[in-house]
Novice: 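So that we are looking at the same thing, I have put the structure below in structure tokens.
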Amino acid sequence: QVQLVESGGGLVQPGGSLRLSCAVSGTAASIYGMAWYRQAPGKQREWVASITSTSTTNYADSVKGRFTISRDNAKNTAYLQMHSLKPEDTAVYYCNLALPFRGAWGQGTQVTVSS
């Protein structure tokens, strides 16, 4: 029913940029908050950025000033624009939709920052 599909991950050099997309189907995402999380191997999943239904944004200190979360309600899609990427940004990035009861998660997209 409700499905989130992340895309845009890949291999980038340190200092590079990447834009992740999260396409939502099965429900109108516009009335829900959305967020990006990431998880590196052997580490817990950490919150990266969030955006409310009114487009208020918040960021983890580790990405503040480098990442921008946005949403396009007409396309039912959220984005994470990443600049000045660092090796420590390497992780699987997951999109979350704050649905009632359980929320919804995508399958993740791999971001690897390496020279």
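Basis for what follows: all heavy atoms, side chains included, without hydrogens, waters or symmetry-related copies.
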Novice: Which heavy atom of Asn76 sits nearest to which heavy atom of Ala29, and what is that distance?
Specialist: OD1-N, 2.9 Å

Novice: State plainly whether one hydrophobic cluster holds both Tyr37 and Met82, where clusters connect Ile, Leu, Val, Met, Phe, Trp and Tyr through side-chain heavy atoms under 4.5 angstrom apart.
Specialist: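 In one cluster with Tyr37: Met82, no.
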
Novice: Between Leu80 and Thr68, does a side chain to side chain contact (heavy atoms under 4.5 Å, CB included) hold up when you go through it step by step?
Specialist: CA-CA 6 Å; Leu80 186 68; Thr68 301; over 6 Å; no

Novice: Compare all side-chain heavy atoms of Ser30 with those of Ser53 and state whether any distance is below 4.5 angstrom.
Specialist: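 They are not in contact (no side-chain heavy atoms under 4.5 Å apart), so the answer is no.
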
Novice: Counting C-beta onward and ignoring hydrogens, is there a side-chain heavy-atom pair between Tyr32 and Val24 closer than 4.5 Å?
Specialist: no

Novice: Check the pair Ser114 / Thr112 against side-chain hydrogen bond (donor to acceptor under 3.5 Å, both in side chains), numbers first and verdict last.
Specialist: CA-CA 6 Å; Ser114 177; Thr112 302; over 6 Å; no

Novice: Any donor and acceptor pair, going by atom type alone, linking the side chain of Glu6 with main-chain N or O of Gln107 inside 3.5 Å?
Specialist: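 Indeed, once roles are kept as given, a pair shorter than 3.5 Å links the two residues.
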
Novice: For residues 52-115, which residue pairs qualify under disulfide bond (SG atoms under 2.5 Å apart), counting only residues two or more places apart or in two chains?
Specialist: Cys22-Cys95

Novice: Look up atom OG1 in Thr54 and atom CD1 in Ile31, then write down how far apart they are to the nearest 0.5 Å.
Specialist: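 Spacing of OG1 (Thr54) from CD1 (Ile31) equals 13.0 Å.
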
Novice: Not counting sequence neighbours, list each pair that qualifies as a side-chain hydrogen bond (donor to acceptor under 3.5 Å, both in side chains) and has a residue in residues 87-96.
Specialist: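 Qualifying pairs: Arg38-Asp89, Arg38-Tyr93, Arg66-Asp89.
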
Novice: At their closest point, which heavy atom of Ala40 faces which heavy atom of Ala91, and how far apart are they?
Specialist: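 That closest heavy-atom pairing would be N-CB, 3.9 Å.
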
Novice: Are any non-hydrogen side-chain atoms of Gln81 and Ser17 less than 4.5 angstrom apart?
Specialist: yes

Novice: Find out if a path of hydrophobic residues (ILVMFWY) with successive side-chain heavy-atom gaps under 4.5 Å connects Val12 to Val63.
Specialist: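 The answer is yes; both residues are in one hydrophobic cluster.
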
Novice: Might you confirm whether atom CD of Gln13 has over 12 heavy atoms from other residues, nucleotides or ligands at distances under 6.0 Å?
Specialist: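 Atom CD in Gln13 is not crowded, with 12 or fewer foreign heavy atoms closer than 6.0 Å.
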
Novice: What residue among Val48, Ile69, Ile51 forms side chain to side chain contact (heavy atoms under 4.5 Å, CB included) with Tyr59?
Specialist: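 Among Val48, Ile69, Ile51, the one meeting side chain to side chain contact (heavy atoms under 4.5 Å, CB included) with Tyr59 is Ile69.
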
Novice: So if you build clusters from Ile, Leu, Val, Met, Phe, Trp, Tyr with side-chain heavy-atom gaps below 4.5 Å, do Leu97 and Trp105 land together?
Specialist: no

Novice: State the CZ-OH distance between Arg71 and Tyr79, to the nearest 0.5 angstrom.
Specialist: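 Nearest 0.5 Å value for the CZ-OH distance: 11.5 Å.
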
Novice: Between Thr77 (side chain only) and Lys75 (backbone N and O only), is there a donor and an acceptor less than 3.5 Å apart?
Specialist: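 Checking the backbone N and O of Lys75 against the side chain of Thr77, a donor-acceptor pair under 3.5 Å is found.
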
Novice: Which is it for Trp36 and Phe67 under the ring pair (Phe, Tyr, Trp, His ring centres under 6.0 Å) test, yes or no, and what are the steps along the way?
Specialist: CA-CA 11 Å; Trp36 288 94; Phe67 290 11; 9.9 Å; no

Novice: Which is it for Val2 and Leu99 under the side chain to side chain contact (heavy atoms under 4.5 Å, CB included) test, yes or no, and what are the steps along the way?
Specialist: CA-CA 9 Å; Val2 178; Leu99 293 173; 3.7 Å; yes

